[in-house]
Amino acid sequence: MVCSLSPNRSRQALGFAGLVALFFSGCVAPPGPAAVQTAPQQEPITASAPPEWRPGDQWVYTWTSGQTSGTKGVEVLEIREINTVSFYLVKVGEAEQFYTKDLRWAGTMRDGKIQSRMTPPQPWFVWPLEVGRQWTHRGTYEDATGKAAHNDSFSVVGAEVVEVPAGRFSTLKVARETDSRNSDQYWYAPEVRFYVKWVGRRGDAQFEEGLREYRPAQRLIPGPAPSRPPSTTK
């Protein structure tokens, strides 16, 4: 048996059916509070131990100082033992510099002759390197002009993501203050095992360096896997 409806009753029935459908679909229900998505907490960046450098490791920096600019290469040449102490011999520009295995600067050599030295070696980094870490250095700098006392204060003032020509890096920012007008700020990136940015002042002159390229030495035996995913976006 088929029941027919009048036009008015048909419209009323359709309207009622529509309201029921809307009710059950939740369209007429009052909106609830929006879900709040919390961003994952980023692990605090630290560098627990000195990086291992190998002969052949290279870093290339662009630099500016006033109206001049250029490119500087840094390359680990060899590991040399002097008086039972192991040093990295590192070519920086046209000179060669000595760093201890924990990256304390010890001196400069050119054409096989020592040009300058710092006693004891200057600790540009200490380990573990982490935000809030502070240290001081009292040493004697010696070159062809004589000797001079050096008093430095260092502090890891924060963790920052910085962008340089080589990409974006998670870094630890270190500040150095002295008894003179000299000062430094440099950003150490565990991913490249050295600084990626450096802003320094020597008297009235200021300079800045940024990493352009990082070329780790080829390894026949792979090193340990990194503890965190790479921070660079190329």
Mind listing the closest non-hydrogen atom pair of Val74 and Phe194 along with its distance?
CG1-CE2, 4.3 Å
Nearest heavy-atom pair of Val76 and Tyr88: which atoms, and what distance?
CG1-CD2, 4.2 Å
Is the ring pair Tyr186/Phe125 parallel, tilted or perpendicular, if the boundaries are 30 and 60 degrees?
perpendicular
So, Asp102 and Arg104, do they make that salt bridge, N to O below 4.0 Å?
yes
So with a 6.0 Å cut-off around NZ of Lys147, is the heavy-atom count from everything else above 12?
no
Do Arg117 side-chain atoms and Thr108 backbone N/O form a donor-acceptor pair below 3.5 Å?
no
With side chains defined as the heavy atoms from C-beta onward, is the minimum distance between Lys173 and Gln185 less than 4.5 Å?
yes
Can you tell whether the side chains of Asp57 and Arg219 come within less than 4.0 Å, N to carboxylate O?
no
Main chain of Thr71, side chain of Arg212: is a donor-acceptor contact present, judged purely on distance under 3.5 Å?
no
Does Thr178 reach the main-chain N or O of Ser180 with its side chain, forming a donor-acceptor pair under 3.5 Å?
yes
For the residue pair Tyr141 and Trp105, categorise the inter-ring angle as parallel (less than 30°), tilted (30 to 60°) or perpendicular (more than 60°).
parallel
I would like to know whether Tyr188 and Trp127 meet ring pair (Phe, Tyr, Trp, His ring centres under 6.0 Å); could you show each step before the answer?
CA-CA 12 Å; Tyr188 176 85; Trp127 315 96; 5.6 Å; yes
Are the side chain of Trp135 and the backbone of Pro123 linked by a donor-acceptor contact shorter than 3.5 Å?
yes
Looking at Thr171 and Ala189, would you say the former's side chain and the latter's main chain have a donor-acceptor pair under 3.5 Å?
no
Parallel, tilted or perpendicular: which one describes the rings of Trp198 and Tyr195, with boundaries at 30° and 60°?
perpendicular
Is it true that Glu163 and Arg168 make a salt bridge, defined as a side-chain N closer than 4.0 Å to a carboxylate O?
yes
Provide the closest heavy-atom pair for Ile45 versus Leu172 in the form atom of the first, atom of the second, distance.
O-CD2, 3.5 Å
His137 (side chain) donor-acceptor with Trp124 (main chain) under 3.5 angstrom
no
With the threshold set at 4.0 Å, does a side-chain nitrogen-carboxylate oxygen contact exist between Arg181 and Asp204?
yes
Is there a donor-acceptor pair closer than 3.5 Å between any side-chain N or O of Arg133 and the backbone N or O of Pro128?
yes
Given the ring of Trp63, does Lys72 sit roughly above its face, with NZ or CZ under 6.0 Å from the centre of the six-membered ring and within 45° of the axis?
no
Glu81, CD atom: more than 12 neighbouring heavy atoms under 6.0 Å
yes
